[in-house]
Q: 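Let me give you the structure first, and then I'll get to my questions.
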Amino acid sequence: MSKKDTLTTMLPSFEDDAHLGLESMDTGDLAIPFLSILQSNSPQLMEDKTLRPGMIFDTVLKKGYEELLIIPCNYEKQYVEWTPREQGGGLIATHGVIDGLELLKSCKKDDKGKDILPNGNLLVTTAVYYVMYMAEELDGNIESSKAIISMTSTALKKSRRWNSVMAGITMRSKEGKPFTPPSFSHIYRVTTSGEKNVHGSWFNWDISMHGPVVDSVTYDSCKKFAGDIKVQQQKLLNAPPF
C-alpha cells in the first residue's frame, strides 16, 4: 500500500459528519461580501496594482472581475441615513420601506439631487440584491460565492430595469398556465460600462440575460440562500427597539 493510499484510509469521514458544529450558524453569522464597482478614486486601486477602474470587486475575497454570472436570490429596498461626508461621514441607520418613505417626504433636494433630511443627514434610497455569483478562476474552475449588490443614485435606473426583466419572465406550467418563476430561476451576465454627466464620469452596472438555471444543485443552493435571507429579514422586522 502506498503512502498516499495509507493517508486516504486514515482520513476521518467528513461526509458522514457534514455540517456538525455549524448547526447554530445562519446567514446573519457569516461575512457576506459586497460586490462593488471600482471607480477611478477607489482606494483599492492603490493597494493592488492588478485592479482597474470598472472592475467588479469582492470586498471579502479582495478580487476584481471584469465580468460575472449572477443569480439574484432575494431583493429589498432600504433607505439608508448617512452623515454628510464634509461632517465626517458615517452610517446612522438603515430604515425599512415604511419608515423610509415617511422620512423621504420630509427631505429636500440639494444642488446634486440628493435627499437631505431636516437634521442635515443624507437619506439614500438603496436597492439591495442578495446574489450568488459565478466566476472563472485561474485554474479554469468555476467558483460560486454568495454576495450582496447595493445600488444607489444613478444605479437605481439599472435596478428598476433589472427588476422589470425579472418580473416580466413568463413560463408555462405542465397544464399550460402562465406563471412568473422565482428570481433565482435565471442567470444574468453582469459587467460595467462608463457613464458621465455634468458632475463627472463613472462606471455603472451593465446587466443582461444569460439564460435559465439548468443545474439543480445550483438552483437548490440559491433557493436556500433566498430562504435564509427571508428569515433574517423577518427577524429584523420583529426585533424589539433598543
Q: Write down the atom of Ile229, the atom of Ile32, and the distance for their closest heavy-atom approach.
A: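 Closest approach of Ile229 to Ile32: CD1-CD1, 4.5 Å.
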
Q: A quick test of your reading: do over 12 heavy atoms of other residues, nucleotides or ligands sit less than 6.0 Å from CD1 of Ile98?
A: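 Open.
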
Q: What distance do Gln233 atom CD and Lys230 atom NZ have between them, rounded to the nearest 0.5 Å?
A: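 Reported value, rounded in 0.5 Å steps: 9.0 Å.
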
Q: Keeping to residues at least two apart or across chains, list the salt bridge (charged side-chain N to carboxylate O under 4.0 Å, His left out) pairs with something in residues 103-132.
A: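 Those involving residues 103-132 are Glu102-Lys105, Lys109-Asp115.
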
Q: With sequence neighbours left out, write down each residue that passes salt bridge (Lys or Arg N to Asp or Glu O under 4.0 Å) with Lys62, or none if nothing qualifies.
A: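 Testing Lys62 for salt bridge (Lys or Arg N to Asp or Glu O under 4.0 Å), a comparison that skips the adjacent residues, returns none.
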
Q: For the pair Glu195 and Lys158, find out whether any cationic side-chain nitrogen is under 4.0 Å from an anionic carboxylate oxygen.
A: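 So Glu195 pairs with Lys158 through a salt bridge.
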
Q: Taking atom types as modelled, find out whether Tyr130 and Asp228 have a side-chain donor-acceptor pair closer than 3.5 angstrom.
A: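 Note: Tyr130 and Asp228 side chains miss the donor-acceptor criterion.
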
Q: Considering only heavy atoms from C-beta outward, does the side chain of Ser40 approach that of Trp202 to under 4.5 Å?
A: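 They are not in contact (no side-chain heavy atoms under 4.5 Å apart), so the answer is no.
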
Q: Quick one: side-chain hydrogen bond (donor to acceptor under 3.5 Å, both in side chains) pairs with a partner in residues 87-100, sequence neighbours left out?
A: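 Residue pairs with at least one partner in residues 87-100: Glu81-His95.
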
Q: Consider side-chain contact (heavy atoms from CB on, under 4.5 Å). Of Ser183, Pro182, Pro212, Pro181, which one does Ile169 pass it with?
A: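 Option passing the side-chain contact (heavy atoms from CB on, under 4.5 Å) with Ile169: Pro181.
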
Q: Under the salt bridge (Lys or Arg N to Asp or Glu O under 4.0 Å) rule, collect the residues that match up with Arg189, sequence neighbours excluded.
A: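 So Arg189 forms a salt bridge (Lys or Arg N to Asp or Glu O under 4.0 Å) with Glu67.
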
Q: Where do Tyr133 and Ala147 come nearest, in terms of heavy atoms and distance?
A: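 Heavy-atom minimum between the residues: CD2-CB, 3.8 Å.
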
Q: Mind checking the NE2-CD1 spacing from His210 to Ile71? Nearest 0.5 Å is all I need.
A: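 Reported value, rounded in 0.5 Å steps: 9.5 Å.
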
Q: Closest heavy-atom contact between Met209 and Val165?
A: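 What the structure gives for the nearest pair is CE-CG1, 4.2 Å.
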
Q: Could you state the interatomic distance from CG (Asn121) to OG1 (Thr83), rounded to the nearest 0.5 Å?
A: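 Spacing of CG (Asn121) from OG1 (Thr83) equals 5.0 Å.
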
Q: To the nearest 0.5 angstrom, please state how far the CG atom of Leu123 sits from the OG1 atom of Thr125.
A: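 Rounded to the nearest 0.5 Å, the CG-OG1 separation comes out at 6.0 Å.
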
Q: Which residues satisfy the side chain to side chain contact (heavy atoms under 4.5 Å, CB included) test with Leu38, sequence neighbours excluded?
A: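 Partners of Leu38 by the side chain to side chain contact (heavy atoms under 4.5 Å, CB included) criterion, ordered by chain and then number, come out as Ser42, Gln44, Leu45, Leu51, Met55, Phe57.
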
Q: Check whether the side chains of Gln234 and Gln232 place a donor and an acceptor atom closer than 3.5 Å, and report yes or no.
A: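 Note: Gln234 and Gln232 side chains miss the donor-acceptor criterion.
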
Q: Does Phe34 offer a backbone N or O that forms a donor-acceptor pair with the side chain of Thr59 under 3.5 Å?
A: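 Flag set: sc Thr59 to bb Phe34 pair under 3.5 Å.
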
Q: Rounded to the nearest 0.5 Å, what's the gap from NZ on Lys223 to OG on Ser216? Could you check?
A: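 It is 12.0 Å, given to the nearest 0.5 Å.
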
Q: Over all heavy atoms of both residues, which pair between Leu91 and Val80 is shortest? Give the atoms and the distance, please.
A: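 Closest approach of Leu91 to Val80, heavy atoms only: CD1-CG1, 3.3 Å.
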
Q: Using a strict cut-off of less than 4.0 Å between a Lys/Arg side-chain nitrogen and an Asp/Glu carboxylate oxygen, indicate whether Asp220 and Lys224 qualify as a salt bridge.
A: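 Not counted as a salt bridge, because no side-chain N and carboxylate O are separated by less than 4.0 Å.
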
Q: Take Val213 and Cys222 through the test side chain to side chain contact (heavy atoms under 4.5 Å, CB included) and record every step on the way to the result.
A: CA-CA 10 Å; Val213 176; Cys222 291; 6.0 Å; no

Q: Any chance you could measure Ser36, atom OG, to Ile148, atom CD1, to the nearest 0.5 Å?
A: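 Ser36 OG to Ile148 CD1: 12.0 Å, rounded to 0.5 Å.
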
Q: Can you sort out the partners of Asn74 under side-chain hydrogen bond (donor to acceptor under 3.5 Å, both in side chains), two or more places apart, ordered by chain and number?
A: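 Per chain and number, Asn74 pairs via side-chain hydrogen bond (donor to acceptor under 3.5 Å, both in side chains) with no residue.
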
Q: Output yes when a side-chain donor or acceptor of Ser221 lies under 3.5 Å from a complementary backbone atom of Tyr219, and no otherwise.
A: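 Between the backbone of Tyr219 and the side chain of Ser221 there is no qualifying donor-acceptor contact (under 3.5 Å).
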
Q: Taking all heavy atoms of Cys73 and all of Ala226, pick out the closest pair and write down the distance.
A: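 That would be O-CB, 3.1 Å.
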
Q: Angle class for the Tyr75/Tyr129 ring planes (parallel below 30°, perpendicular above 60°, tilted otherwise)?
A: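 Answer is tilted, since the angle falls between 30° and 60°.
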
